[in-house]
Structure formats: C-alpha cells, structure tokens
Amino acid sequence: MGNMLLPVPHFHLAVAAALFLGLAAAGPGHARQDGGPLPHAMPVQDAPPQDDIPEDEGGPLEDEGEALPESPLSEPAAPSEPTAEARLREREDLDLLFAELAQPGGETWARAETDILRIWSRSGSAAMDLLYKRGEAALDTGDTVTAIGHLTALTDHAPDFAAGWYLRSVAFYLDGDFGPAIADLGQVLRLESRHFGALTQLGTILEELGDDRDALEAFRQSLKIHPHQQEAQDAVQRLERKLQGTDA
C-alpha cells in the first residue's frame with residue numbers, strides 16, 4: 001500500500017507558514033546553503049521507495065552515475081557540476097538582477113525577471129533536468145500523481161535545487177495537499193529566500209485556508225522583491241480591504 005497523506009491541522013500550517021515568512025524576511029544572507037533540514041519543518045511524507053517512482057522512458061535514476069537511458073525528452077550531456085567560482089559568479093549575477101527587478105519604473109525589470117528564472121532553472125545535471133521536464137510535462141497534462149513521483153525523485157537526488165521543490169509544491173497544491181505544498185515552499189525559501197514565486201504561492205494557499213493576515217504578509221514580502229507582480233498587487237489590495245472590514 002502506498003503512503004497516505006493525512007490532513008494537517010490548520011494551526012500547524014499557520015505555524016509553519018510563519019516560520020517560513022520569517023526565513024524569507026531574514027534575507028538572502030540567512031538562506032541555508034548546507035542542505036540540512038529546515039528547523040521545525042512539517043513532515044511531508046516518507047520518500048517513496050524507488051519502485052514507486054514512475055519508470056516511463058528513462059526509468060529510475062542510478063544512485064551514483066545519474067545516467068538515464070535515451071528517451072524522447074533526453075538532451076545532450078550537460079557539463080559537469082559548476083565550480084565554486086562559477087556558483088559565486090552566478091550569485092553575484094543574481095544580486096544585480098534582483099536589484100534591477102526591484103526598480104519601480106522602466107521596463108528592464110522584465111528582462112531581469114527572465115534572467116532570474118533562467119538561472120534558477122539550471123540544476124547542473126542533465127539527469128536532474130530530465131526529471132524536472134518529466135514533472136513539468138505531467139503537470140501540463142493535469143497528471144499530478146505522476147508529476148509528484150518525478151519531482152520527488154528530483155528532490156531526493158538534488159535537494160539543493162530549489163526549482164524542484166517549487167514545482168513539487170505546485171503539484172501538491174493542485175492535488176489539494178496544502179500541508180506538503182507549504183512544507184515544500186519552506187524548502188524553497190531555505191535555499192533562496194528571494195524566491196518571489198514561492199512567497200506568492202504561499203500567500204495564495206494561506207488565503208484559501210482563511211489565514212488572511214499571514215497571506216497578506218507573504219504577498220507583501222513577495223512584492224518587496226518583485227514589485228511588478230499583478231497577481232500579488234491585486235491580492236494585497238483585496239486582503240487589506242477585507243482586513244479593514246470594507247471588503248464587500
């Protein structure tokens with residue numbers, strides 16, 4: 001029998017969300033880079049056994065070599081893992097892009113947003129990129145169960161790849177599993193506290209759960225990083241009116 005996800009009390013979700021919002025507010029200098037567990041993070045579920053991971057096309061990952069057989073989604077082998085120097089340059093590039101993204105005027109923010117998303121999408125491994133694309137393709141067809149399987153394999157093998165956690169949080173959310181979705185968003189924010197997409201998604205979930213104050217805080221934090229998100233702007237206006245008692 002497969003693992004069963006049990007409902008998580010809303011109180012626990014609110015506590016976890018508050019912890020994650022505090023982590024995001026601490027800024028990029030406080031994002032953990034050691035890959036260790038997030039303190040007080042809610043347990044999501046046990047990692048599925050290797051046999052439970054969908055084995056279409058490429059099959060399960062090899063623990064050591066990451067090699068995947070050829071498949072229609074396969075790509076040429078990617079370069080080896082980025083060096084520490086390359087990672088530092090990438091981080092510096094991100095710092096400049098986030099400064100550009102935060103500018104209130106002009107149109108250069110759209111290019112900065114595109115560049116940030118492009119950098120975030122790099123796992124550094126062709127095998128991990130393939131798992132990501134499989135998960136993304138499954139989500140595009142509405143198959144959240146298969147998507148979660150691929151993305152769980154991805155997060156197991158590449159726990160420092162924030163994009164994998166973020167996409168799995170989207171899959172959990174679409175599947176109605178808000179507790180695991182929030183937990184995955186916490187992992188995203190542990191790895192990259194400036195992930196505006198994770199903060200906006202967290203706000204969306206909290207608003208659906210009726211936690212309007214924490215939802216408003218999540219949207220506000222997201223807009224501090226990326227002030228051009230129309231969805232988050234609309235949410236802030238809506239929640240401010242509601243909390244002031246003027247929402248119709």
Side-chain angles (χ1 to χ4, degrees), residues 5-32 37-45 98 101-104 109 113 116-117 120 139 142 144 147-148 151 162-248:
L5 288 172
L6 298 177
V8 181
H10 285 188
F11 170 76
H12 293 161
L13 296 181
V15 171
L19 289 169
F20 300 152
L21 288 173
L23 181 68
H30 292 77
R32 292 167 58 96
L38 182 68
H40 310 296
M42 290 186 309
V44 181
Q45 61 179 12
F98 274 110
L101 184 67
Q103 295 302 313
W109 67 265
E113 178 190 58
I116 289 168
L117 295 176
W120 280 348
L139 272 185
T144 56
I148 290 168
L151 296 168
W165 293 103
Y166 176 68
L167 193 60
R168 194 175 75 160
S169 78
V170 173
F172 277 133
Y173 168 73
L174 294 175
D175 209 34
D177 291 326
F178 287 179
I182 290 177
D184 278 5
L185 292 173
Q187 293 288 355
V188 177
L189 294 170
R190 176 183 65 81
L191 294 166
E192 175 52 86
S193 60
R194 300 172 294 187
H195 201 296
F196 48 85
L199 285 165
T200 296
Q201 181 70 15
L202 180 59
T204 299
I205 294 174
L206 291 174
E207 185 177 5
E208 290 192 25
L209 290 172
D211 187 356
D212 292 337
R213 294 192 181 279
D214 280 340
L216 179 59
E217 179 62 21
F219 286 124
R220 283 173 172 169
Q221 287 194 27
S222 184
L223 287 172
K224 286 180 182 178
I225 300 165
H226 185 349
H228 308 280
Q229 301 173 86
Q230 190 62 52
E231 177 187 353
Q233 292 173 12
D234 293 343
V236 166
Q237 293 177 7
R238 178 176 63 251
L239 288 168
E240 285 179 342
R241 289 195 305 268
K242 184 176 181 180
L243 290 170
Q244 291 169 1
T246 59
D247 200 25

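None of these values were measured; they are calculated from a predicted model. Side chains are part of it too, since the values below use all heavy atoms of this structure and drop only hydrogens, waters and symmetry mates.
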Interatomic spacing from CH2 in W165 to CG in L191 - rounded to 0.5 Å: 8.5 Å
Min side-chain heavy-atom separation R168-Q187 under 4.5 Å: no
Which atom of I225 lies closest to which atom of S193, heavy atoms considered: CD1-O, 4.0 Å
Within-4.5 Å side-chain heavy-atom neighbours: L151 and D184: no
H226 side chain vs R194 backbone, donor-acceptor pair below 3.5 Å: no
Minimum-distance pair of heavy atoms, taken over all atoms of G203 and A215: O-CB, 3.4 Å
Q229 to S222 - nearest heavy-atom pair and separation: NE2-OG, 2.8 Å
Within-4.5 Å side-chain heavy-atom neighbours: L209 and I182: yes
Side-chain touch H195/Q201, heavy atoms, less than 4.5 angstrom: no
All salt bridge (charged side-chain N to carboxylate O under 4.0 Å, His left out) counterparts of E113, not counting sequence neighbours: none
Sub-4.5 Å side-chain heavy-atom contact between R213 and E217: no
Rounded distance (nearest 0.5 Å) linking atom CG of D212 with atom CD of E240: 12.0 Å
Non-hydrogen atoms of P104 and H228 that approach each other most closely: O-CE1, 3.5 Å
Set of side chain to side chain contact (heavy atoms under 4.5 Å, CB included) partners for V170, sequence neighbours left out: L139, Y166, L174
Side chain to side chain donor-acceptor pair (under 3.5 Å) partners of Q233, counting only residues at least two apart: none
Nearest-0.5 Å distance that lies between atom CG in L185 and atom CD1 in I205: 5.0 Å
Listed partners of Y173 passing side chain to side chain donor-acceptor pair (under 3.5 Å), at least two apart: E208
Set of side chain to side chain contact (heavy atoms under 4.5 Å, CB included) partners for E231, sequence neighbours left out: T200, T204
Atom pair CG (L216) and CG (L239), whose distance is rounded to the nearest 0.5 Å: 5.5 Å
Side chain to side chain contact (heavy atoms under 4.5 Å, CB included) involving A163 - partner list, sequence neighbours excluded: Y132, F161
